Amino acid sequence: MISYLIGLMAMTVYNQTYGATSIATLMKRYDEISQTAMSMGSFTNLVNTIKGLAVGITLILYFIDLSGKVTEKNFSIEQFFKSTLRCVVSYMFIMNSDAIVGYLMSAGSALANDITNSDIGYDFFSSEHGERKTMLINGIEKLGIKDRLSYIILALIPWLISMIGEVILQIVLISRILEIGVMTVFAPIAISDVYREGTSSSGVQYMKKMLALGMQVAVILLINIATQAIISQIMGTDGAAGQTVASLLVSTQPGGTTSDEALKNGSLVFTTDSIKLFLDTLFGHGDRLKVLGIMLARLGLIWNSLPLCEEITGAR
């Protein structure tokens with residue numbers, strides 16, 4: 001029971017602080033919910049209504065612009081064509097605003113998926129690798145009772161921080177989906193003046209904001225990777241510095257049995273020394289304050305990930 005508790009706490013801390021699986025799973029789940037909601041007839045009708053309103057506003061501004069130019073003594077056919085071209089460009093952006101938003105979101109999702117698939121270390125305790133959970137728990141069982149009790153105490157604060165991080169991540173991703181939905185609905189109006197003031201127009205800024213929302217998950221994944229790299233560097237011993245935390249675990253080499261049989265009889269586990277090094281690094285043993293500080297800084301960055309993305313895309 002104690003071994004299972006330590007293993008569960010360790011995997012929770014790892015998946016929340018370093019792993020990409022939990023974030024990618026949440027992203028996929030909320031994206032599916034968002035796509036289902038946006039495919040509803042009421043949502044589509046609302047977008048079409050906003051498009052009609054944006055086209056109407058654009059035409060009114062077009063005629064106001066033309067009437068102002070006609071009263072000028074130097075009105076020319078060139079000015080007429082410029083105003084008309086602006087109106088046509090605005091119309092094209094308005095009618096394709098939902099597709100533009102979709103492309104920007106897809107770009108961010110593709111970047112996040114590339115990061116998730118970049119290194120198996122960030123996907124170490126996913127549901128697809130259930131044998132690793134068994135190997136960790138069975139390996140912890142081989143530790144002495146004093147070691148196991150000390151690791152429960154050592155894991156308590158990082159585990160609580162990870163639980164808080166899970167709540168923060170849920171809030172960030174849910175608010176992201178709601179913001180995407182609202183901004184998608186009103187995108188026709190925001191993008192309609194994309195031609196004004198060049199790349200400094202509010203329409204271009206709006207698209208940069210949407211790109212920032214699309215990149216938010218990828219930035220959160222990069223924050224996790226950076227957190228793991230820094231903690232590994234701080235806690236690294238015996239050449240472990242710079243390695244991913246999961247790579248510290250080394251499995252035994254049972255002979256004469258298959259992997260399934262070795263898992264069942266407990267001969268295929270992570271070695272005791274590697275489990276101790278893994279847990280010490282994961283829970284910050286020896287540099288506890290530094291590791292806890294980095295974990296708290298990570299939560300702050302995740303909470304402010306959207307402003308960070310806006311800085312990256314130039315939306316601020």
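Not measured: the values here are computed from a predicted model.
In this structure, CE on Met105 lies 9.0 Å from CD1 on Ile177, to the nearest 0.5 angstrom. With rounding to the nearest 0.5 angstrom, the OG1 atom of Thr272 is 10.5 Å from the CD1 atom of Ile140. Between the OG atom in Ser305 and the CG atom in Leu222 there is a gap of 11.5 Å [rounded to 0.5 Å]. For the atom pair Leu66 CG and Cys87 SG, the distance stands at 8.5 Å (nearest 0.5 Å). In this structure, CE in Met40 is found 10.5 Å from CG in Asn45, a value given to the nearest 0.5 Å. The OH atom of Tyr4 lies 10.0 Å from the OG1 atom of Thr134; values are rounded to the nearest 0.5 Å.
A heavy-atom distance below 4.5 Å is found between the side chains of Leu5 and Met9. Using a 4.5 Å heavy-atom cutoff, the side chains of Pro158 and Leu282 are not in contact. Using a 4.5 Å heavy-atom cutoff, the side chains of Met215 and Thr313 are in contact. With a 4.5 Å cut-off on side-chain heavy atoms, Thr12 and Met163 count as touching. Residues Met295 and Ser162 have side chains in contact (heavy-atom distance under 4.5 Å, counting atoms from C-beta outward). At a threshold of 4.5 Å between non-hydrogen side-chain atoms, the residues Lys209 and Glu179 count as touching. Using a 4.5 Å cut-off on side-chain heavy atoms (C-beta onward), Met135 and Thr252 make no contact. Put simply, the side chain of Leu248 does not reach to within 4.5 Å of the side chain of Ile275, judged on heavy atoms.
In this structure, Lys133 has no salt bridge (charged side-chain N to carboxylate O under 4.0 Å, His left out) partners at least two apart in sequence or on a different chain. Here Ile50 pairs with Val185, Phe186, Pro188, Ile189 under the side chain to side chain contact (heavy atoms under 4.5 Å, CB included) rule; sequence neighbours left out.
The heavy-atom pair separating Phe278 from Ala10 by the smallest distance is CE2-CB, 4.4 Å. A pairwise comparison of heavy atoms in Phe43 and Gly181 identifies CZ-O, 3.8 Å as the closest pair. Nearest approach of Phe283 to Ala155, heavy atoms of both residues: CZ-CB, 3.4 Å. In terms of heavy-atom proximity, Ile137 sits nearest to Gly7 at CG1-CA, 4.3 Å. In plain terms, the two heavy atoms of Met11 and Leu136 that are nearest each other are CG-CD2, 4.0 Å. Nearest approach of Ser97 to Ile191, heavy atoms of both residues: CB-CD1, 4.1 Å.
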* Could you walk me through whether Tyr62 and Thr84 pass the side-chain hydrogen bond (donor to acceptor under 3.5 Å, both in side chains) check? -> CA-CA 7 Å; Tyr62 169 68; Thr84 304; 2.8 Å; yes

* Asked: Would Thr271 and Ser274 satisfy side-chain hydrogen bond (donor to acceptor under 3.5 Å, both in side chains), going step by step from the backbone distance to the final call?
  -> CA-CA 5 Å; Thr271 63; Ser274 69; 2.8 Å; yes

* Asked: Can Leu213 and Cys309 be said to form a side chain to side chain contact (heavy atoms under 4.5 Å, CB included), step by step?
  -> CA-CA 7 Å; Leu213 280 170; Cys309 293; over 6 Å; no

* To do: Assess whether side chain to side chain contact (heavy atoms under 4.5 Å, CB included) is satisfied between Leu306 and Arg176, documenting all intermediate values.
  => CA-CA 9 Å; Leu306 184 55; Arg176 171 181 177 268; over 6 Å; no

* Going through the checks in order, is the side chain to side chain contact (heavy atoms under 4.5 Å, CB included) test met by Ile77 and Phe81? -> CA-CA 6 Å; Ile77 193 67; Phe81 279 122; 3.4 Å; yes

* Asked: Between Leu8 and Trp159, does a side chain to side chain contact (heavy atoms under 4.5 Å, CB included) hold up when you go through it step by step?
  -> CA-CA 10 Å; Leu8 187 62; Trp159 179 76; over 6 Å; no

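Taking hydrophobic clusters as Ile, Leu, Val, Met, Phe, Trp and Tyr residues chained together by side-chain heavy-atom distances below 4.5 Å, Ile220 shares a cluster with Ile174. Hydrophobic clustering (side-chain heavy atoms under 4.5 Å, transitive across Ile, Leu, Val, Met, Phe, Trp, Tyr) keeps Val291 apart from Ile153. Note on Leu178: it clusters hydrophobically with Val172, by side-chain heavy-atom contacts below 4.5 Å among ILVMFWY residues. The hydrophobic cluster containing Leu289 does not contain Leu160, counting ILVMFWY residues as joined when their side-chain heavy atoms lie under 4.5 angstrom apart, directly or transitively. Hydrophobic clustering of Ile, Leu, Val, Met, Phe, Trp and Tyr side chains at less than 4.5 Å, counting indirect connections, unites Leu301 with Ile312.
With hydrogens and angles ignored, the 3.5 Å screen pairs no side-chain donor or acceptor of Asp147 with any backbone N or O of Leu143. In terms of modelled atom types and a separation under 3.5 Å, the side chain of Tyr206 and the main chain of Met183 share a donor-acceptor contact. In terms of modelled atom types and a separation under 3.5 Å, the side chain of Arg298 and the main chain of Ile223 share no donor-acceptor contact. Formation of a donor-acceptor pair under 3.5 Å by the Asp65 side chain with backbone atoms of Leu61 is not found in this model. The backbone N or O of Ser106 lies less than 3.5 Å from no partner atom in the side chain of Ser109, so there is not a single donor-acceptor pair.
No more than 12 heavy atoms of other residues, nucleotides or ligands shown are found within 6.0 angstrom of CE on Met92.
Using a 4.0 Å cut-off between a side-chain N of Lys or Arg and a carboxylate O of Asp or Glu, Glu141 and Arg148 qualify as a salt bridge.
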